[in-house]
Amino acid sequence: MKEAFFKYQAQTSPFPLAMEISHAKGSYIYDTNQNAYLDFVAGVSACSLGHGHPKVVKAIKDQVDKYMHVMVYGEYIQKPAVDLAKFIAQHTPEPLEQTYLVNSGTEAIEGALKLAKRATGRSEIIAAKHAYHGNTMGSMSVMGYEERKQAYRPLVPGTKLITFNNEDDLAEITNKTAAVILETIQGGAGFIEPKNGYLSKVKAKCEAVGALLILDEIQPGIGRTGKLFGFENYNCVPDIVVSGKGLGGGMPIGAFTASTALMAQLKEDPKMGHITTFGGHPVIAAAALATLKEVVETELMVETLEKERLIKRLLQHPLITEIRGKGLMLAALTPSAEITNQVILEAQNQGLIAFWLLFEPRAIRITSPLTISNTEIEAGCKILIDILNKINN
Ligand SMILES: Cc1ncc(COP(=O)(O)O)c(C=O)c1O
């Protein structure tokens, strides 16, 4: 299998971890050698309810038995998609009311950027340095990391970068700006939270010049920071919120949500301003609704903040210089990329899955399923501390 993986499956890096998966359940992933791995990563913040959550599995199976794909997005009334969009509206502040469902995070970002251009009649998009919004052309155009972009230029013109949390840069937002797009908590940059009311200041500036604020909640959203959406922690409601990853509970999804008036722009002049074959797929929508209900209707979000405190308490160590982030979106920083690499690779040898962040090589990613137990957290943190102790000696 390993040989076929390298021979036939296109690769993203020279050194994939290449663990061969047998199955996964709860907070554990099992390889084909019968080793169990405690999952501190959740498929990079995607498996909100862990692996094979019974309610998600049931929703998928029930829907598969009824119907799968029947028509392109938006033409037929398909209950799972309608129920999902309604549930999002009921749990999202005004004026965010209508949701457009797509297949991935980056596709939702594309839709949000198009909507902002269409609604304002402007083309300038402002994003943040070290931002990550996905890997298609539009999303890559607003990525704040030149090293990864340069080989693919020319990208979408009219994009500008500002520094996250730097209020002086708000002067860059003018009446030429269609939208400012920010991650509510910067992910790839190192799990950097907005400080000193930064997001509401950006929103106020956008309002003053007629620009829209798009918040990318693809990673912080769906309960991961103790609220359904991360922006609820920072007293700021965006014009467009983009979600993905954890919304699908392990299935592929993306969504962007805005006011009814804004969304109306996509349906006329020209009509079909954004279309997709599989967006709103009934099986995926059923899985997402089951996931959302579990996150909203149980104590999971409150527990997320308790788990954050537990992890921060357990991971006190001379080689951990800082723990950034909120809830179960945490990054433990070591003094160097070398130490971080050693920790992540050795953790896998010892049955713990940790991972890197895109642009902060000193960070150890801890984005476990929201359903992880305190006992599992204790076991995982002990593995990390034991490894750090060995490195320190
Ligand atoms: C903040 C953020 N935006 C967008 C994306 C892109 O989502 P997808 O990989 O589903 O296209 C990601 C994925 O890592 C992300 O973390």
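Please read all numbers here as calculations on a predicted model, not as lab measurements. Whatever order the structure lists ligands and atoms in, that order sets their numbers, starting from 1.
- Counting heavy atoms under 4.0 Å from ligand 1, residue H133 touches it through the backbone alone.
- Salt-bridge formation is not detected for the pair D62/K66: no Lys NZ or Arg NE/NH1/NH2 atom is positioned less than 4.0 Å from an Asp or Glu carboxylate oxygen.
- K117 places no side-chain N or O within 3.5 Å of a backbone atom of A178 that could act as its donor or acceptor partner.
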I'd like to know whether H317 forms a side-chain hydrogen bond (donor to acceptor under 3.5 Å, both in side chains) with N389, so could you lay out the CA-CA distance, the side-chain angles of the two residues, the decisive distance to 0.1 Å, and finally the verdict.
CA-CA 8 Å; H317 190 277; N389 278 342; 2.8 Å; yes
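- When only modelled atom types and interatomic distance are considered, Y67 and Q78 share no side-chain donor-acceptor pair under 3.5 Å.
- Under 3.5 Å, the side chains of T177 and E124 contain a donor-acceptor pair of N or O atoms.
- Protein heavy atoms are absent from the space less than 4.0 angstrom from atom 9 (O) of ligand 1.
- Ligand 1 lies out of reach of E107, whose nearest heavy atom is not under 4.0 Å from it.
- For ligand 1 and K245, the ligand atoms under 4.0 Å from any heavy atom of the residue are 12 (C), 13 (C), 14 (O), 15 (C), 16 (O).
- Across the listed options G134, G187, P252, G134 owns the non-hydrogen atom lying nearest to atom 6 (C) of ligand 1.
- When non-hydrogen atoms are compared, ligand 1 lies under 4.0 Å from the backbone of T106 as well as from its side chain.
- The contact set between ligand 1 and G105, taken as ligand atoms under 4.0 Å from a residue heavy atom, comprises 7 (O), 8 (P), 10 (O), 11 (O).
- Considering backbone and side-chain atoms alike, D216 places an N or O below 3.5 Å from some N or O of ligand 1.
- E346 and N349 share a donor-acceptor pair across their side chains, judged by distance under 3.5 Å alone.
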